[in-house]
Amino acid sequence: MSSRTPNATLAPYSGAVSHYTSSKRRDPVKRLWEEPVTRGLLSRALRYVGPLETTRILDVGSGAGEGVNFLLAMDENQSWHSAEGRYRYCGLDLDESLLDTARVLHRRRPEVSFVHADMREYIPDEPYDLYFSSGVPYSHLTPRELTDVLSRIFTAVRRNRTRSVVVVDVLGRYSIEWADRWDRQRWDYTMSFFQGGRKEEAPTPTVPMTFWDAWGLRRVIDEACAQAGQHYEEVSFHDRSIMVGRHTQTREFNPGIPPYRLLVNRLERGDDTVEPMDLRFPYLPTGTAPDRVLNFFDAFQEQWQALLETDFGRLPDGIAASMLACGLRRLEHSMAPGLGVGHSLTALVHLDGGEPARNTR
């Protein structure tokens, strides 16, 4: 399982171990806005593959093994499976330092293993019920590379005749975090949001990344299915972090927007000193996004602004802030259209490898 990739490709993960093990990483936005979306997608995927004696999971681009934590949250909150013996998890990643961290964090779980490999070179031949991903690992790939990797996964599903879900997690093309770059699909992305490390010790990681809307990602999925001779039963798209992506706090790519994540974190903590109008909706360019995207933002902006203007009256300290945070959170979750308008876009691809191949569209 050697990698063709030069060492320079590992540079984006400089400081990643500190980030993924930092207590600061799981801020209120991550716990209340982002993780519930991922858990909901995982629950939907597991319902499709059905109750199994052992659910086999491959986490592609697993990093430090956060997928294990999502599974444990499912066990705790929804009585999915008892943790030990009811699932078998394998994490695959190119970064050995992250894998070493993952092995330490999950060393007491015999059902969890990790393998060092480049997804472009190696997808295991053995059957899996769920091909999971989180943390946008597929955005590291060019469109051609993504097609090839998905084709390899879909071929494995067909060959093993499994009923599987493939979770494709990528960066959203039309996030407010980088509105001035909506006209480009692939550009140099800076991970200046990494937590836990000292900037003077490790330079800010920068790497070319690919940004996706739902239409472009569907075309890649269709092409990969055609190459593999495997149809999908269903494909759905889901946005995460429309207003509170990590780069709304750094403002690395759009310095004109308010620091939404910082302000929302303060609201979630009950900070009544936050001025609601400081969270006003930003100016967005026109002409660089499809009408469907711009129409969504028009409708979303109207609802967002209305919540900011809500008069909560006289309430005990912290209550009004928490109520506003809850309202904004519910709005984002309920209106997310699955177009590629958030920090990340996730596709759920439902495949039945036991069915004969046919046209995907």
Side-chain angles (χ1 to χ4, degrees), residues 12-13 15-42 63-70 72-74 76-77 98 101-102 105 134-137 169 171-172 175-178 189-199 202 204-205 238-255 257-276 278-279 282 304 307-308 317-333 336 341-346:
Y13 295 107
V17 171
S18 296
H19 173 70
Y20 286 107
T21 57
S22 171
S23 60
K24 297 178 181 179
R25 180 171 175 259
R26 292 192 72 239
D27 58 12
V29 165
K30 180 167 178 58
R31 290 186 286 103
L32 299 173
W33 291 60
E34 296 173 337
E35 291 180 353
V37 175
T38 303
R39 287 199 302 269
L41 297 179
L42 179 57
E66 188 169 27
V68 177
N69 299 327
F70 284 120
L72 294 176
M74 296 293 297
E76 177 183 350
N77 297 330
L98 281 174
T101 300
L105 292 174
S134 62
V136 300
D169 198 48
L171 288 164
S175 170
I176 64 170
E177 299 162 273
W178 38 78
Y189 181 73
T190 306
M191 300 182 187
S192 52
F193 54 80
F194 272 6
Q195 300 277 358
R198 291 191 295 175
K199 291 186 177 180
T204 302
H238 310 269
D239 294 306
R240 182 172 54 245
S241 299
I242 296 172
M243 296 295 293
V244 290
R246 292 276 181 187
H247 278 301
T248 63
Q249 184 160 331
T250 70
R251 296 185 284 180
E252 182 87 17
F253 306 112
N254 191 355
I257 61 173
Y260 291 110
R261 191 180 186 105
L262 176 65
L263 294 171
V264 170
N265 273 325
R266 288 172 57 190
L267 288 175
E268 292 285 9
R269 295 184 176 112
D271 185 349
D272 284 328
T273 66
V274 175
E275 289 292 337
D278 287 345
L279 287 116
W304 182 269
L307 280 172
L308 297 181
D317 290 348
I319 300 300
S322 297
M323 289 179 65
L324 178 57
C326 182
L328 296 173
R329 185 185 343 126
R330 288 178 175 175
L331 176 67
E332 176 168 305
H333 288 170
V341 296
H343 181 90
S344 62
L345 174 68
T346 306

Do you know which two heavy atoms are closest between [X] and [Y], and how far apart they sit?
| X | Y | answer |
| --- | --- | --- |
| S175 | G342 | CB-O, 3.5 Å |
| D271 | A321 | O-CB, 3.5 Å |
| V29 | N265 | N-OD1, 2.9 Å |
| V264 | W33 | CG1-CZ2, 3.4 Å |
| P282 | I257 | CB-CG2, 3.7 Å |
| A64 | L105 | O-CD1, 4.0 Å |

Would you please classify the geometry between the H247 ring and the W178 ring as parallel, tilted or perpendicular, with 30° and 60° separating the classes?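 Plane angle over 60°, so perpendicular.
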Side-chain donor-acceptor pair present, [X], [Y], cut-off under 3.5 Å:
| X | Y | value |
| --- | --- | --- |
| T250 | E252 | no |
| R261 | T248 | no |
| R246 | S241 | no |

Hey, what do you get for [atom1] ([X]) to [atom2] ([Y]), rounding to the nearest 0.5 Å?
| X | Y | atom1 | atom2 | result |
| --- | --- | --- | --- | --- |
| D272 | R266 | CG | CZ | 10.5 Å |
| R329 | L32 | CZ | CG | 5.0 Å |
| E275 | L308 | CD | CG | 11.5 Å |
| H333 | R240 | NE2 | CZ | 10.0 Å |
| C326 | I319 | SG | CD1 | 11.5 Å |
| L262 | Q249 | CG | CD | 5.0 Å |

Donor-acceptor pair, [X] side chain versus [Y] backbone, under 3.5 Å?
| X | Y | answer |
| --- | --- | --- |
| N254 | I176 | yes |
| D169 | G135 | yes |
| D239 | A336 | no |

Should L279 and M243 be marked as a side chain to side chain contact (heavy atoms under 4.5 Å, CB included) after you check the CA-CA gap, both sets of side-chain angles, and the distance that decides it? CA-CA 10 Å; L279 287 116; M243 296 295 293; over 6 Å; no
Would you call P258 and D278 a side-chain contact if the rule is heavy atoms closer than 4.5 Å?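 P258 vs D278: side chains apart.
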Within the 4.5 Å heavy-atom criterion, are D27 and K30 side-chain neighbours or not?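 Counting from C-beta outward, D27 and K30 do come under 4.5 Å.
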Considering residues at least two apart in sequence or located in another chain, which fulfil the side chain to side chain contact (heavy atoms under 4.5 Å, CB included) criterion with R31?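 R31 satisfies side chain to side chain contact (heavy atoms under 4.5 Å, CB included) with R26, P28, E35 once adjacent residues are dropped.
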Run the side chain to side chain contact (heavy atoms under 4.5 Å, CB included) test on L171 and H343 for me, step by step, so that the C-alpha distance in whole Å, both residues' side-chain angles and the decisive distance to 0.1 Å come before the verdict. CA-CA 6 Å; L171 288 164; H343 181 90; 3.8 Å; yes
